[in-house]
Amino acid sequence: MNDSYINSFYDRLPGSYLFSTIAKKIKEYQGSHENADIIRLGIGDVTTPLIPEVIKAMHKAVDEMGVKDTFRGYGPEQGYDFVREAIVRGEYTARGIEMDPDDIFVSDGSKCDVANIQELFSGDARIAIPDPVYPVYLDSNVMAGRTGILQADGHFSEVTYLASTAENSFQPDLPRNPVQLIYLCSPNNPTGTVLSRETLQKFVNYANENGALILFDGAYNCYIQDETLPHSIYEIPGARTCAIEFRSFSKTAGFTGVRCAYTVIPHELSKLRAMWNRRQCTKFNGVNYVTQRAAEAIYTAEGWKQTRGVIKGYMDTAKVIRQELTAAGYTVFGGEHAPYIWWKIPDGEKSFDFFDRLLATCEVVGTPGSGFGPCGEGYFRLTAFGDHERTKEALRRIKERL
Ligand SMILES: *Cc1c(COP(=O)(O)O)cnc(C)c1O
């Protein structure tokens with residue numbers, strides 16, 4: 001085949017996907033250390049099994065699929081009403097936010113949604129992304145040709161970066177150049193920090209005044225422990241005319257393997273809402289029935305209690321990581337309202353070098369901060385998704401050997 005008609009924007013992607021690089025390094029280490037006992041505090045995947053309420057709902061739904069009267073074929077592309085209504089009740093009404101079930105678009109993942117949403121916009125729309133952040137926002141825009149080229153300093157020429165560092169308490173300033181699309185992620189992956197009400201209001205005002213759109217990723221909203229912190233962009237006055245929200249059951253309820261998420265596009269954004277609906281109807285055929293029943297079950301009284309219990313377990317682990325690293329004299333951020341701890345690496349060591357050193361001395365794996373953006377250099381991400389006792393063991397090793 002002739003290369004001249006392939007999408008050459010893919011050539012602009014910086015190397016291989018972060019986690020493949022890391023997986024390769026671990027494999028190499030295991031290859032040369034037969035008895036390696038590696039503790040993984042790296043990849044952002046859950047480890048606690050599904051809650052009993054979810055399993056019960058799935059079993060019931062499976063049984064329905066085996067009976068002629070209750071069998072279901074294609075469902076609505078937007079999701080079944082029962083789950084859209086449960087989401088509105090459990091996530092929005094419960095927090096005093098008005099939401100129409102018709103504004104909820106159920107999907108098989110937030111990764112696909114945040115990556116696909118950019119196709120609603122023209123090629124010359126300018127984007128702003130937090131730095132550091134989940135790499136999908138940037139990479140999906142690189143593939144679409146919206147970012148310009150990668151420069152020596154690690155920045156793409158046409159992207160506006162919203163630096164989120166200890167210096168600004170992880171509350172980024174407004175974009176300096178005009179932009180049309182603003183990605184925000186709160187609680188943030190990888191820093192584990194939360195955007196304040198003031199910061200969000202500033203961005204909402206900017207978006208409304210400049211005709212920009214906020215793409216708000218709230219994948220970790222359920223980890224916020226302080227009820228006064230904003231859980232949804234729609235808690236901010238003015239957000240309904242300028243913001244789309246992405247939510248996922250992956251981290252909320254351990255659905256990383258089950259696959260279910262949703263995107264919220266309020267009626268006020270009628271044009272975009274109609275476009276997304278058209279897009280989903282053309283390119284997506286809905287989430288399977290069993291999974292949607294599973295998602296619905298999270299919002300029963302018992303389901304919610306069990307879900308909170310699992311999250312509490314992860315947050316207890318996050319607390320241990322924070323405490324132990326702080327006690328050992330390190331500076332850490334996050335881990336209070338998110339399952340991520342953002343570890344400041346001492347002595348200006350590069351985060352990928354620190355990765356190698358941590359693996360070699362402690363057989364502990366984390367994620368180099370620079371993989372999430374230039375401002376992530378000098379930091380390291382640990383996650384609280386691992387087994388509690390194994391995480392404690394990792395911290396013992398860090399204290400003794402690092
Ligand atoms: C894990 C994660 C998601 C969820 O992705 P799914 O495709 O729903 O599993 C979305 N955004 C961020 C920032 C995440 O870390």
Side-chain angles (χ1 to χ4, degrees), residues 17-19 22 40-48 50 54 79 83 87 91 104-118 127 129-141 162 164 170 172 182-195 214-224 231-233 243-264 280 283-284 286-288 291-292 294-295 298 307 310-311 314 318 334-335 337-342 366-367 369 371-373 375-376 381-386:
Y17 188 58
L18 172 65
F19 294 111
I22 290 168
R40 290 166 195 264
L41 304 180
I43 295 179
D45 198 356
V46 296
T47 53
T48 307
L50 297 173
V54 161
V83 73
I87 290 165
E91 302 283 353
I104 310 282
F105 293 84
V106 179
S107 78
D108 61 353
S110 274
K111 187 197 250 187
C112 347
D113 287 353
V114 298
N116 289 331
I117 197 79
Q118 51 75 30
I127 68 160
I129 57 160
D131 176 15
V133 85
Y134 188 55
V136 179
Y137 320 140
L138 178 67
D139 289 1
S140 56
N141 277 288
L162 306 172
S164 310
F170 302 94
I182 304 167
Y183 291 85
L184 294 177
C185 181
S186 179
N188 178 283
N189 177 5
T191 68
T193 57
V194 181
L195 295 175
I214 295 171
L215 300 164
F216 186 83
D217 186 343
Y220 299 94
N221 76 87
C222 283
Y223 288 83
I224 298 176
H231 288 49
S232 164
I233 190 75
I244 291 176
E245 180 158 282
F246 303 91
R247 293 274 189 94
S248 172
F249 295 106
S250 284
K251 319 302 169 18
T252 305
F255 274 38
T256 54
V258 175
R259 313 301 307 142
C260 197
Y262 55 95
T263 289
V264 185
Q280 292 300 80
K283 300 192 178 184
F284 182 61
V287 177
N288 77 71
T291 296
Q292 293 190 63
I298 294 160
T307 302
V310 174
I311 289 172
Y314 291 134
H337 308 290
Y340 295 124
I341 287 85
W342 195 231
T367 313
F372 299 98
C375 282
R381 190 191 76 173
L382 297 182
T383 85
F385 287 128

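All values reported here derive from a predicted model rather than from experimental measurement. Each ligand, and each atom within it, is numbered from 1 in the order the structure gives.
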Among all protein heavy atoms, pick the one closest to [atom] and tell me residue, atom and distance.
{"atom": "atom 11 (N) of ligand 1", "answer": "D217 OD2, 2.7 Å"}
{"atom": "atom 7 (O) of ligand 1", "answer": "R259 NH2, 2.7 Å"}
{"atom": "atom 1 (C) of ligand 1", "answer": "K251 NZ, 1.2 Å"}
{"atom": "atom 5 (O) of ligand 1", "answer": "K111 N, 3.6 Å"}

At under 4.0 Å between heavy atoms, which part of [X] makes contact with ligand 1: side chain, backbone, both or neither?
{"X": "C112", "answer": "neither"}
{"X": "Y220", "answer": "side chain"}
{"X": "S250", "answer": "side chain"}

Within a strict 4.5 Å, meaning less than it, do heavy atoms of the V133 and D217 side chains meet?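 No; the side chains remain at least 4.5 Å from each other.
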Hey, are the side chains of E245 and S232 touching, using non-hydrogen atoms and a 4.5 Å cut-off?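 A side-chain contact under 4.5 Å exists here.
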So is G44 in contact with ligand 1, going by heavy-atom distances below 4.0 Å?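 The answer is no: ligand 1 sits nowhere under 4.0 Å from a heavy atom of G44.
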Please determine whether side chain to side chain contact (heavy atoms under 4.5 Å, CB included) holds for the pair K251 and T256, giving the CA-CA distance in whole Å, both sets of side-chain angles, and the decisive distance to 0.1 Å. CA-CA 7 Å; K251 319 302 169 18; T256 54; 4.2 Å; yes
L162/I182 under side chain to side chain contact (heavy atoms under 4.5 Å, CB included): CA gap, chis, key distance, verdict: CA-CA 9 Å; L162 306 172; I182 304 167; 4.0 Å; yes
Considering only heavy atoms of [X], which atoms of ligand 1 have at least one such atom less than 4.0 Å away?
{"X": "C185", "answer": "13 (C)"}
{"X": "G109", "answer": "7 (O), 8 (O)"}
{"X": "A219", "answer": "3 (C), 10 (C), 11 (N), 12 (C)"}

Any chance you could measure N141, atom CG, to Y183, atom OH, to the nearest 0.5 Å? 4.0 Å
Kindly confirm or rule out an N or O of S110 lying under 3.5 angstrom from an N or O of ligand 1.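 Min N/O separation from ligand 1 is below 3.5 Å for S110.
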Sort out for me which residue in Y137, F246, F216 forms a side chain to side chain contact (heavy atoms under 4.5 Å, CB included) with C185.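 Among Y137, F246, F216, the one meeting side chain to side chain contact (heavy atoms under 4.5 Å, CB included) with C185 is Y137.
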Mark yes or no for whether S248, through its side chain, and A261, through its backbone, hold a donor-acceptor pair below 3.5 Å. no
When you measure from the side chain of Q292 to the backbone N and O of V287, does any donor-acceptor pair fall under 3.5 Å?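 Flag set: sc Q292 to bb V287 pair under 3.5 Å.
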